[in-house]
Trainee: 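Following this message is one structure expressed as structure tokens.
Residues take their numbers from the sequence shown, with the count starting at 1.
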Amino acid sequence: MKTDYLAKANENLLIIDEIVNDETPFTAPETVFIGVDLGTADIQTVVINDQGTPIAAFLDWADVVRDGVVVDYAGACTIVRSQLKKVQEKLGIEPKDVITSYPPGTDPRISINVVESAGVMVSHVIDEPCSVAALLHIKNGAVVDVGGGTTGTAIIENGELRLSLDEPSGGRHVSLTIAGGLGVDMEEAELCKRRSHEDPMIAAMAKPVIEKMSDIVAEHISNYQPEAIYLTGGGTLIKGFSDIFKQTFPNIEIIELSRALYLTPLAIASYGLALQEEV
């Protein structure tokens, strides 16, 4: 059963990769679910139909959130408003109810306020790693969500959330290391980070930061025995990331998904569908 949910998630992630930022008009079905993810490195909006299939997706790289805290409120609001307007123009519907998320340990109202500034209502809010746990129907495991500014861990036992923690260490910290090592600005360091699979030197620079992330997760799960660790978030795409986690946790299965950058926003949108199916 686990492989079925993973296969479906991978299939939908590949769909998002194909349609992201595609504004070609598309006739929306009667029921849709809209998820907005306020990340440190990007803001994403994903729309799914009542079968859970993505039908629209928009992504803007942004520096408006740091370590789980919105530092440019006006900038974040502007991006969310722009993405929801694109949803409206693409699908021919007026977004009214939106689902959003927040990093564990932060105030959910921050995300809610940003999204509702666009004139919509937040119907549900869930912490980021728990949204992924719900999407993948994890019964016993840990979700590790590495975003631009934080590493979050959710522990699931017998289908119930036992622990959800977040620490300030993420992709931005890798970029800072690259910027210092190469003597370049953060914008150039971000581009270098995304090319880590092509440059062994960049991967080597990132390694100590990834090792720190694995240490954070080791502390988070120290009192638990998850069957598997599920990796999500754009930070996990850095070359060598999963290898380091496999070395740190040799007795735990490490599970990667095809386009982890989109996994959290997909999970946020899918949370609304899951709640409806429970009714």
Trainee: Could you list the residues that satisfy side-chain contact (heavy atoms from CB on, under 4.5 Å) with Ala189, not counting sequence neighbours?
Mentor: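 Expected list: Ser175, Ile178, Ala179, Val184.
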Trainee: Find the distance between CD1 (Ile138) and CG (Leu161) and round it off to the nearest 0.5 Å.
Mentor: 11.0 Å
Trainee: Kindly write out the residues that satisfy salt bridge (Lys or Arg N to Asp or Glu O under 4.0 Å) with Glu219, not counting sequence neighbours, or none if the list is empty.
Mentor: none
Trainee: Can you list the residues that meet the side-chain contact (heavy atoms from CB on, under 4.5 Å) rule with Glu167, with sequence neighbours excluded?
Mentor: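 So Glu167 forms a side-chain contact (heavy atoms from CB on, under 4.5 Å) with Ile216, His220.
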Trainee: Which residues pass the salt bridge (Lys or Arg N to Asp or Glu O under 4.0 Å) test with Glu190, sequence neighbours left out?
Mentor: Lys193, Arg194
Trainee: Under the ring pair (Phe, Tyr, Trp, His ring centres under 6.0 Å) definition, can you give me all pairs with a residue in residues 246-267, not counting sequence neighbours?
Mentor: Phe245-Phe249
Trainee: Under the side-chain contact (heavy atoms from CB on, under 4.5 Å) test, which residues partner Pro29, sequence neighbours left out?
Mentor: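 With neighbours one apart ignored, the set is Val32, Asn49, Ile55.
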Trainee: Only counting residues at least two apart or in another chain, list the ones meeting side-chain contact (heavy atoms from CB on, under 4.5 Å) with Glu116.
Mentor: Arg109, Ile112, Met121, Val122
Trainee: What residue pairs, at least two apart or across chains, pass ring pair (Phe, Tyr, Trp, His ring centres under 6.0 Å) with a residue in residues 107-144?
Mentor: Tyr5-His137
Trainee: For residues 9-37, which residue pairs pass the ring pair (Phe, Tyr, Trp, His ring centres under 6.0 Å) check, not counting sequence neighbours?
Mentor: none
Trainee: Which pairs with one or both residues in residues 69-84 pass side chain to side chain donor-acceptor pair (under 3.5 Å), sequence neighbours excluded?
Mentor: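 Listed by first then second residue: Thr45-Gln83, Asp60-Gln83.
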Trainee: Per the side chain to side chain donor-acceptor pair (under 3.5 Å) rule, what does the pair list look like for residues 18-30, sequence neighbours excluded?
Mentor: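 Output for this query lists Asp22-Thr24.
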Trainee: Is there any side chain to side chain donor-acceptor pair (under 3.5 Å) pair reaching into residues 84-105, and which pairs are they, with sequence neighbours excluded?
Mentor: none
Trainee: Testing the 3.5 Å rule here: is there a donor-acceptor pair between the side chains of Thr264 and Glu128?
Mentor: no
